[in-house]
Peer 1: 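Take a look at the following structure, please.
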Amino acid sequence: MISSDPAWEAFIREHRWAVLTSLRRTGAPVSSLVAYAADGDELVVSTRAATFKHDSIARDERVNLCILSGREPFDFVAVEGCCSIERNDLVPATKLVFAAIRDTPYQEPEDLEGWLEQEGRVILRIRPLRTYGVIRGLADEA
């Protein structure tokens with residue numbers, strides 16, 4: 001489980017968009033919108049290696065992934081954790097991300113392996129350390 005709170009766990013697994021925050025060299029936070037998927041007890045994000053988020057995570061593994069409901073009352077669950085960068089065997093985790101966003105215009109390429117190589121993609125794998133959030137009036141922290 002990613003969260004010990006069943007409502008937060010369900011929220012994490014039901015949603016697909018989040019704001020990923022990593023740390024600049026100065027320690028200042030920087031955020032970007034990402035699609036994610038749950039992979040067992042971890043979260044995965046597919047991104048290009050040539051991004052600021054990749055570079056900042058390569059320097060400092062600490063991240064926060066704030067998962068959003070996308071509609072009012074804008075419920076959220078945030079996952080603080082450590083993030084590793086995977087460069088090999090990317091297909092299984094990438095398929096999870098595409099499955100999570102299957103009802104959007106973003107579709108899995110027919111030649112997924114070729115696309116991963118052409119795009120210079122990596123997987124960001126987040127190991128959760130703490131979760132917290134607010135879902136319809138729940139304001140407890142874990």
Peer 1: Answer yes or no: is there a donor N or O on one side and an acceptor on the other, between the side chain of Glu9 and the main chain of Ser4, under 3.5 Å?
Peer 2: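 It does not hold such a pair.
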
Peer 1: Which residues pass the side-chain hydrogen bond (donor to acceptor under 3.5 Å, both in side chains) test with Arg127, sequence neighbours left out?
Peer 2: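 Residues passing side-chain hydrogen bond (donor to acceptor under 3.5 Å, both in side chains) with Arg127: none at all.
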
Peer 1: Applying ring-ring contact (aromatic ring centres under 6.0 Å, His included) as the test, list every pair that has at least one member in residues 15-34; sequence neighbours left out.
Peer 2: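 Residue pairs passing ring-ring contact (aromatic ring centres under 6.0 Å, His included), neighbours aside: Phe11-His15.
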
Peer 1: Listed by chain and number, what are the side-chain hydrogen bond (donor to acceptor under 3.5 Å, both in side chains) partners of Ser46, not counting sequence neighbours?
Peer 2: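 Result, side-chain hydrogen bond (donor to acceptor under 3.5 Å, both in side chains) vs Ser46: Arg121.
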
Peer 1: Do Asp41 and Pro128 make a side-chain contact, defined as non-hydrogen atoms from C-beta onward lying under 4.5 Å apart?
Peer 2: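 Side-chain contact under 4.5 Å: no.
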
Peer 1: Applying salt bridge (Lys or Arg N to Asp or Glu O under 4.0 Å), name anything that partners Glu117, two or more places apart in sequence or on another chain.
Peer 2: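 With neighbours one apart ignored, the set is empty.
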
Peer 1: Does the side chain of Leu20 come within less than 4.5 Å of Leu124's, by heavy atoms?
Peer 2: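 Yes - at least one pair of side-chain heavy atoms lies under 4.5 Å apart.
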
Peer 1: Could you list the residues that satisfy salt bridge (Lys or Arg N to Asp or Glu O under 4.0 Å) with Glu113, not counting sequence neighbours?
Peer 2: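 Salt bridge (Lys or Arg N to Asp or Glu O under 4.0 Å) list for Glu113, sorted by chain: empty.
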
Peer 1: So does Glu110 have more than 12 non-hydrogen atoms from other groups sitting under 6.0 Å from CD?
Peer 2: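 At most 12 heavy atoms, drawn from other residues, nucleotides or ligands, come within 6.0 Å of this atom.
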
Peer 1: Taking side-chain hydrogen bond (donor to acceptor under 3.5 Å, both in side chains) as the test, write out the residues that go with Asp39, two or more places apart.
Peer 2: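 With neighbours one apart ignored, the set is Arg125.
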
Peer 1: Taking salt bridge (Lys or Arg N to Asp or Glu O under 4.0 Å) as the definition, give me every residue that meets it alongside Glu61, ordered by chain and number, with sequence neighbours left out.
Peer 2: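 Glu61 satisfies salt bridge (Lys or Arg N to Asp or Glu O under 4.0 Å) with no residue once adjacent residues are dropped.
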
Peer 1: Scan for ring-ring contact (aromatic ring centres under 6.0 Å, His included) pairs involving residues 23-45, sequence neighbours excluded, and state none if there are none.
Peer 2: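 As it turns out, there is no ring-ring contact (aromatic ring centres under 6.0 Å, His included) pair with a partner in residues 23-45 once direct neighbours are skipped.
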
Peer 1: Partners of Arg16 by salt bridge (Lys or Arg N to Asp or Glu O under 4.0 Å), sequence neighbours excluded?
Peer 2: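 By the salt bridge (Lys or Arg N to Asp or Glu O under 4.0 Å) rule, Arg16 matches no residue at all.
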
Peer 1: Anything under 3.5 Å between a donor and an acceptor, one on a side chain of residues 95-103, the other on a protein residue two or more places apart or in another chain? List them.
Peer 2:
unit_1: Lys95; atom_1: NZ; unit_2: Glu108; atom_2: OE2; d: 2.7
unit_1: Arg102; atom_1: NH1; unit_2: Ala99; atom_2: O; d: 2.3

Peer 1: Only counting residues at least two apart or in another chain, list the ones meeting side-chain hydrogen bond (donor to acceptor under 3.5 Å, both in side chains) with Glu14.
Peer 2: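 Not a single residue meets the side-chain hydrogen bond (donor to acceptor under 3.5 Å, both in side chains) criterion with Glu14.
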
Peer 1: With side-chain hydrogen bond (donor to acceptor under 3.5 Å, both in side chains) as the rule and sequence neighbours excluded, what pairs involving residues 20-31 come up?
Peer 2: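 Passing the test, one end in residues 20-31: Thr21-Ser31, Ser22-Ser56.
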
